[in-house]
Amino acid sequence: MRSEYQFSEIEKQWQAFWAEHQTFQAQVNPNKPKYYVLDMFPYPSGAGLHVGHPLGYIASDIMARYKRLQGHEVLHPMGFDSFGLPAEQYAIQTGQHPAITTEENITRYIQQLKNMGFSFDWSREVRTSDASYYQWTQWIFMQLFNSWYNQETDRAESIESLEGILAQKGSIGLKAVCDEEVARISAESWNAMNEEEKYAYLLNFRLAYLDDSVVNWCPGLGTVLANDEVKDGLSERGGFPVEQKKMRQWSMRITAYADRLLRGLEEVDWSDSLKEQQRNWIGKSVGAEVEFDIENITDKKIKVFTTRVDTIYGVSFMVLAPEHEWVDSLTTPEQKDAVEAYVTWAKSRSELDRMSEVKQVSGVFTGTYVLNPVNQARVPLFLADYVLAGYGTGAVMGVPSGDQRDWNFAKHFDLPIIPILDAQKDMDKQADATKEGKYINSGMIDGMGYKEATQTLIVWMENHGIGKGKIQYRMRNAVFSRQRYWGEPVPVYFKPNAKGDLLPYLIQESELPFELPKIDKYLPTETGEPPLGRASADWKYQGLYDYEWSTMPGWAGSSWYWYRYMDAQNKSEFASKEAIDYWQAVDLYIGGSEHATGHLLYSRFWNKFLKDLGYVKEEEFAKKLINQGMIQGRSNFVYRLKNSEKVTFVSHGLKNQYDVVALHVDVNIVENDVLDIEAFKRSRKDVPTDAEFILEQGKYVCGWEVEKMSKSKFNVVNPDDLIAKYGADTLRVYEMFLGPLEQFKPWNTNSISGSHNFLRKVWRLFFDETTQKCHLVDQTATADELRVLHTAIRKVQEDLDRYSFNTVVSTLMICVNELGQLKCHKKSILRELVIMLSPYAPHISEELWVALSEEPGTISYASFPVFNPALLVEDEFKYPISFNGKVRLTLPFSSTASPLEIEAGVLADAQVQKILDGVAPAKVIVVPKRIVNIVLAK
RNA sequence: GCCUGGGUGGUGGAACUGGUAGACACGCAGGACUUAAAAUCCUGUGAGCCGAAACGCUCGUAUGGGUUCGAUUCCCAUCCCAGGUACCA
C-alpha cells in the first residue's frame, strides 16, 4: 500500500487492470436498463490529440461511469472516422498507402485515449476504412439504390413496390419523390417497355441516383464538395476556390425526408441553436408556383415561386437569374448586346464579389414583356443577379411595394410601385411587407384579408391551371460522389443497353465487401478521371464492365456508425436485431457544433431510411445531444525592444514605457503568465544567453490573448504533458472544472494545481502523508459528517442529471474540505465519497477503494450513494431579515414555526426595533425557509 | 440584416422554479511551521465610505427604463461579444 499520492503508478496499474479484466465490456442484458452514451468519433489526424479534444470524451465518460454506478448496462464505445483527405494527400506526396498513415495515427490516438482512463468498450472499436465496416456502408447504399420514396405512405419503399404500382396504374397520379422532368406514363406504356427501358425509367426514382447536377467543383482538391464543405466560396479543407460545374454524379434524395427531418427536431432534446441551424438549412417555404405567359411567345411560360402570392396584383416587373436557360430565347434583338454583356459580367463575378456587393442593384432589360395571369397586366422581363438560378424556379415576380429587394430594383429602373394593402404606408422610402389590412388595386381579392386572399388565389389558379400551392425547400439533394481514392468504393458497375448508353447496376450483396483496388499513384488519371481509373485493366465486374470510379463522401461511413457499435463483430448483418432492439438509439451524444448541418443531418436521413425499411427502431437516433464548446488557445507574449543593440525583453506591466514588438512565446514555458527565462533562452536560437530582461518585482510577466489553438501560435497544450505532470485524474477533473461543457473557453493551465490539490486532499483523508499511515477508522459517523456527505450526494446527483459537470467538482471540493475540517476518516463516509468521485477521477478512486478493503475488484460497478433527506432536516432555519429587499440581519427560528409566529418574533427583536425606530412596517412578508422582508412605508 | 446564445470581482466561474450576489478554484497579500525552500495549514481579498476598533453605511451582475414586498433571474429599449446564416423570392 502506498502512502503518497503517486498518480503515475496508480494510473498505469488501473488502466492495465481494466484492460485485463475487460471491465467495461457491454452486453445485451435485459435485466438492466440500458444507457448508450456516444462521442462523435474522431478523424485520426497526424497531429494527435490536443487538450481541447478530450473535453467531450471526459464528459461522456463521466456519464458512462455514473450510469454504471446507477445500475445501467452502459454502451460507451469509441472508433475512428478513418477515411479522409489528409491521409490521401499525404499518400499523394509520399506514395505511401493511406492505410498505413491511418493505422499509425489510430495507434497514437488509442494510446492517448487510454492514458486518459476512458471506460470505452474497446472490443467494439470500429474504423470506417476497414472493409469489415465499409461493406455495410456499401450495403446501405445498395438499399438506397433499391428504394424509392412513396409520398402517399410518407416513407421509403422497395423499388419492387414501385414496379407493382407502375404495372397497375402507371405514373400519372403517382406521388413519388423523383426528378422533376420525369415523363409521366400510363400503365400500358410501362408494360410495353422492355426490361432495359423499365430499368432506365426506374433510375429516376431511386433514392441513390445518378444525375447531371451542378456541383461544387474544387480544382485545387480535384473533387466535388458538398455544400457544407464549402465556406464563403472556398473549400473548408485547404481553402481552395470552388466553382460551379455540371457533372454526372451520384446523389441522395435527402429532400424526400425534408419534412420529416424538420418534424423530428421536435422530439429530440438538442439545443435551440442547433435545431434552428437545421431548420434554416432545410429552409422550408410555403407558397405557390405561378405561370406567367410571355408576350408573342406561345411555347413557353415562365414559372415563379412566391411565398406571397397575395401580392400578385402588385407585380410591376419580372426577373430571371442571369444563368436561366431561356435567357437567349427571351431576349429581343435590340437588347441582345446589353443582355450578353450583363450575363458575361455576372459570370465573371465570384461568390465573394457577389456577397460583398449585396446592396448594389444591377440588372438588364431583355426587351420582352410577360403577362400577369390575374389581370393580364403587361410587365417587363429583366435579368438580375439577385435572383439565384439554384433556388425555386430561377425566376421571381417583382413586387416593389411588398419586398425590399424588389423595391430597390424598381427604384433603380424607375418601375411603378403599386400599393396593394390599405395598411401599407410610406412607399417612398421603403417597401412594406405587412400582411395586415385589406387588399386594394387587387381585382378579385379586393377587400379581403391575407389568409382569405391567399386561399382564394390558389384555388382560382388551380382551377385555371396557371398555378398551385407549393412547398419549397432550400435544402438540395446530397451529392454522393467524390473523385478520390481514400473512401468507400461505390458497389456499382456500368453495362451498356441496346442503344449503347451505360446504365448503373449493383453488384451482388454476396460480393461485399467490395474492396478498394491497389493503384500506383493516388492522383487523378491523365484524362482527368478519378484515381480508381488507375486500377489495373482487369479490375472490372465479371471481367467485362467498368466499376464506378468515384468513391463515397466522408459522411457515408459516419451516418450509421452508432449501430455498428451495438454489434461490431457481426459478419452477417450490420447489427443483429437483438442488439438493435436492446440498445435502440443513443441516449446521450456529445460532439462539436461544427457538425450541426453536415453529419447530424445526413445521419438523421440515413436513420430514417433504415427505419422505413424496418431495420432499426427509432425515428431519431440521438435523443439528447450536447455540443461541447471549443477550447480556444491562450497565447502568451513577450515584448522585445525595437531599437536596442542588445536583445532586450520588457515585462508586460512595463511595456507601455518602451517601444516594443510583441512575440508569441511557447505557453509551455510560462507558468501563471510568468516566463521561465532560462527555458526561454534555451528554446530560442534568436535569444542570446546574455539577453536582457527588464523585470517587474523580480519576474518577467507575459501578456496573453485568446486565439485559435495552433502550432504557429505556440499555444498548443498536449494532454500527454499534463498527464505526466499531474496525472489523468487531475486533467479530467480540471477540464470539467473549467466551466460549463457547452461554453467556448480559452485553455489556461494556470489553475490546474487547484484540481491536483483537491485530489491530494482526498488522498489525505485516507493516508497521513508524514507518518505514512492509513488512518481509516470503522467508527460510526456523526450527524455532522452525514449532513456534509448527504448535502453532496444530493447536489452531485442533481447536477449530473442536468449535465452540469463543473458544479459537481465544486460540490465534491466542498465536501472534501468540510470532511477535512471535521477530521473525518470514517470508512462509511469516505466509501460513499469515493464512489461519487470515481466518474471524475477513476484511477485514484479505484486505489482508495482498495484501501477501504472493499469487495475485491473494481469500483466501477458499486452502487451510487442514495440521498437520505432525513439527515438534512434542521430544527432551526436562519432567516435573512430584509428591509425593502435589503438584508440587514439574520434571525434563527424553529423549522416548524408558522409565518405568523416568525413575523411576531421578528418584530419583537431588539435589532429590528432599532431599525424600525418606532415606525410600524407597512407589511411583513414571510417566505418559509427562505426570507423575511419588512416593507417600510415610503 | 436575420436566427441562436451570451455580457457577474484581477482570472475561470457559482447562484435549480424571482428570495442573503460573487459558492468553488486560481491569483494576490499577510501569517504559522521550517536554518531555508518546497509542501501544508490559517487569515484576508467586488468597489467606495465612516471610524481607534467592533459595528456600520453606500454603490454594485453591460446601459437605461418597467413589473414586484423583493430582479443576475421576468418584460421593453439600447450597446457590446460569440456562433450560425445570408440577395431563398
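So that the names make sense, note that chain A is the first sequence line, chain B the second, and so on, each numbered from 1.
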Closest listed nucleotide, where the reference is the side chain of [X] and the choices are [options]:
{"X": "A/Ile925", "options": "B/rA25, B/rA89, B/rC69", "result": "B/rC69"}
{"X": "A/Glu276", "options": "B/rC41, B/rU4, B/rU20", "result": "B/rU4"}
{"X": "A/Ser810", "options": "B/rA23, B/rA14, B/rC26", "result": "B/rA23"}
{"X": "A/Gln277", "options": "B/rG84, B/rA89, B/rC26", "result": "B/rG84"}

* Pair A/Lys795 + A/Glu798: basic N to acidic O under 4.0 Å ->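 Salt bridge between A/Lys795 and A/Glu798, a charged N being under 4.0 Å from a carboxylate O: no.
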Distances for protein N or O near nucleotides 43-47 of chain B N or O, under 3.5 Å:
none

* Record whether the side chain of A/Asp385 comes under 3.5 Å of the base of B/rC87 through a donor-acceptor pair of N or O atoms. =>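 Pair found.
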Contact class for [X] vs. all strands (heavy atom < 4.0 Å): base, sugar-phosphate, or nothing?
{"X": "A/Val396", "answer": "base"}
{"X": "A/Asn933", "answer": "base"}
{"X": "A/Gln821", "answer": "sugar-phosphate"}
{"X": "A/Ser273", "answer": "sugar-phosphate"}
{"X": "A/Asn817", "answer": "sugar-phosphate"}
{"X": "A/Asp799", "answer": "nothing"}
{"X": "A/Ile814", "answer": "sugar-phosphate"}
{"X": "A/Arg279", "answer": "nothing"}

* Tell me which of A/Ile934 and A/Ala395 sits closer to the 5' end of RNA chain B, going by the nucleotide each one is nearest to. =>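 Counting from the 5' end, the first nearest nucleotide belongs to A/Ile934.
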* Asked: If each of A/Thr306 and A/Gly885 is mapped to the nucleotide of RNA chain B with the nearest heavy atom, which maps nearer the 5' terminus, i.e. the 5' end?
  ->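 Nearest-nucleotide comparison on RNA chain B picks A/Gly885.
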Could you give the distance separating [M] and [N] at their [atom1] atoms, to the nearest angstrom?
{"N": "B/rG30", "M": "B/rU78", "atom1": "P", "result": "49 Å"}
{"N": "B/rA15", "M": "B/rG22", "atom1": "P", "result": "13 Å"}
{"N": "B/rU73", "M": "B/rA62", "atom1": "P", "result": "8 Å"}
{"N": "B/rA47", "M": "B/rG60", "atom1": "P", "result": "16 Å"}
{"N": "B/rA29", "M": "B/rU85", "atom1": "C1'", "result": "50 Å"}
{"N": "B/rA21", "M": "B/rG9", "atom1": "C1'", "result": "11 Å"}
{"N": "B/rA23", "M": "B/rG12", "atom1": "P", "result": "15 Å"}
{"N": "B/rU43", "M": "B/rA82", "atom1": "P", "result": "41 Å"}

Nucleotide [N], atom [atom2] - distance to [atom1] of [X] in whole Å:
{"X": "A/Glu798", "N": "B/rA15", "atom1": "CD", "atom2": "P", "answer": "11 Å"}
{"X": "A/Tyr734", "N": "B/rG13", "atom1": "OH", "atom2": "P", "answer": "10 Å"}
{"X": "A/Asn627", "N": "B/rG84", "atom1": "CG", "atom2": "P", "answer": "12 Å"}
{"X": "A/Leu625", "N": "B/rU4", "atom1": "CG", "atom2": "P", "answer": "19 Å"}
{"X": "A/Tyr473", "N": "B/rA89", "atom1": "OH", "atom2": "P", "answer": "14 Å"}
{"X": "A/Arg474", "N": "B/rA89", "atom1": "CZ", "atom2": "C1'", "answer": "14 Å"}
{"X": "A/Gln628", "N": "B/rA82", "atom1": "CD", "atom2": "P", "answer": "21 Å"}
{"X": "A/Arg405", "N": "B/rA89", "atom1": "CZ", "atom2": "P", "answer": "7 Å"}

Between [X] and [Y]: side-chain donor-acceptor atoms closer than 3.5 Å:
{"X": "A/Asn817", "Y": "A/Gln821", "result": "no"}
{"X": "A/Tyr473", "Y": "A/Asp259", "result": "yes"}
{"X": "A/Ser635", "Y": "A/Asn715", "result": "yes"}

Please check the phosphate of [N] (OP1 and OP2 only) for any side-chain N or O of [X] closer than 4.0 Å.
{"X": "A/Arg760", "N": "B/rU40", "answer": "yes"}
{"X": "A/Tyr386", "N": "B/rA89", "answer": "no"}
{"X": "A/Arg930", "N": "B/rU20", "answer": "no"}
{"X": "A/Ser285", "N": "B/rA89", "answer": "yes"}
{"X": "A/Asn806", "N": "B/rA14", "answer": "yes"}

[Y] and [X], any side-chain heavy atoms less than 4.5 Å apart:
{"X": "A/Leu738", "Y": "A/Ile631", "value": "yes"}
{"X": "A/Val932", "Y": "A/Ile925", "value": "no"}
{"X": "A/Asp406", "Y": "A/Tyr386", "value": "yes"}

* **ring pair (Phe, Tyr, Trp, His ring centres under 6.0 Å) against A/His790, all qualifying residues, sequence neighbours excluded** =>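 Residues passing ring pair (Phe, Tyr, Trp, His ring centres under 6.0 Å) with A/His790: none at all.
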* Which atom names give the shortest non-hydrogen contact between A/Gly754 and A/Met813, and what distance separates them? ->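 Heavy-atom minimum between the residues: O-CE, 4.3 Å.
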* Heavy atoms only: give me the nearest A/Gly591-A/Met40 pair and the separation to one decimal. =>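 It is CA-SD, 3.5 Å.
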* To do: Show the numbers, then the answer: is there a side-chain hydrogen bond (donor to acceptor under 3.5 Å, both in side chains) between A/Tyr734 and A/Thr749?
  => CA-CA 9 Å; A/Tyr734 182 60; A/Thr749 310; over 6 Å; no
* **Six-ring centre of A/Trp270, A/Arg604 cation under 6.0 angstrom, axis tolerance 45°** =>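 Here A/Arg604 passes the 6.0 Å and 45° test against A/Trp270.
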* Asked: For the atom pair OG1 (A/Thr311) and NZ (A/Lys435), what is the distance rounded to the nearest 0.5 Å?
  ->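 With rounding to 0.5 Å, OG1 (A/Thr311) is 11.0 Å from NZ (A/Lys435).
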* To do: Any chance you could measure A/Tyr840, atom OH, to A/Ile58, atom CD1, to the nearest 0.5 Å?
  =>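 Between A/Tyr840 OH and A/Ile58 CD1, I get 10.5 Å after rounding to 0.5 Å.
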Find every protein N or O atom lying less than 3.5 Å from an N or O atom of nucleotides 56-59 of chain B, and list the pairs.
{"from": "B/rC57", "atom 1": "OP1", "to": "A/Arg888", "atom 2": "NE", "distance (Å)": "2.8"}
{"from": "B/rC57", "atom 1": "OP1", "to": "A/Arg888", "atom 2": "NH2", "distance (Å)": "3.0"}

* Where does B/rG9 land, syn or anti, once you apply the within-90°-of-0 test for syn? ->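 Base orientation relative to the sugar is syn.
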Taking only nitrogen or oxygen atoms into account, show me every contact under 3.5 Å that the protein makes with nucleotides 6-12 of chain B, one pair per line with its distance.
{"from": "B/rG12", "atom 1": "O2'", "to": "A/Leu738", "atom 2": "O", "distance (Å)": "2.6"}

* Asked: side chain to side chain donor-acceptor pair (under 3.5 Å) with A/Thr393: which residues, sequence neighbours excluded?
  ->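 Residues passing side chain to side chain donor-acceptor pair (under 3.5 Å) with A/Thr393: none at all.
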* Asked: Dot-bracket for RNA chain B, 5' to 3', with Watson-Crick and G-U pairs under 3.5 Å, [ ] for crossing pairs and | for other-strand pairs: what is it?
  -> (((((((..(((......[....)))((((((.......))))))((((......))))..(((((..]....))))))))))))....
* To do: Return the orientation label for the A/Phe382 and A/Phe413 ring planes: parallel under 30°, perpendicular over 60°, tilted otherwise.
  =>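 Taking A/Phe413 first and then A/Phe382, their aromatic rings sit tilted (interplane angle of 30° to 60°).
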